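Here the structure is a predicted model, which means the values were calculated and not measured.
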Amino acid sequence: MDDNIIHDPYIALALAVIYHAVSDLESNNPARVSEAQAWLQFVGLNWCQLLGVSEETLNAWVAAGFAMPPSAHRNWRY
């Protein structure tokens with residue numbers, strides 16, 4: 001993803017929502033985890049495609065269980 005487009009507030013919001021769904025995967029609430037997984041597998045992946053994330057990157061992310069690097073939130077502007 002081009003670093004310049006992250007400054008767009010709508011893109012930053014979309015990234016924050018995706019990040020929040022990924023963080024919900026680690027919840028102790030099974031319903032929240034299930035809802036986050038369902039959202040990420042359908043809507044979240046569509047959002048990533050709209051943001052210009054490559055299909056290879058998306059496939060690798062899904063295979064890794066939607067794992068995020070520890071410093072992922074530091075590069076996003078909210």
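- Note: L45 CG to L50 CG = 11.0 Å, rounded to the nearest 0.5 Å.
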When the side chains of residues 27-41 are checked against the rest of the protein, which donor-acceptor pairs come out under 3.5 Å, sequence neighbours left out?
from: S27; atom 1: OG; to: N29; atom 2: N; distance (Å): 2.9
from: N29; atom 1: OD1; to: A31; atom 2: N; distance (Å): 2.9
from: N29; atom 1: OD1; to: R32; atom 2: N; distance (Å): 3.4

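- The minimum heavy-atom distance between L25 and G65, with the atom names listed, is CD1-O, 4.0 Å.
- The OH atom of Y10 sits 14.5 Å away from atom CG of L51, with the distance rounded to the nearest 0.5 Å.
- Applying the side chain to side chain donor-acceptor pair (under 3.5 Å) criterion to T57, with sequence neighbours excluded, gives S54.
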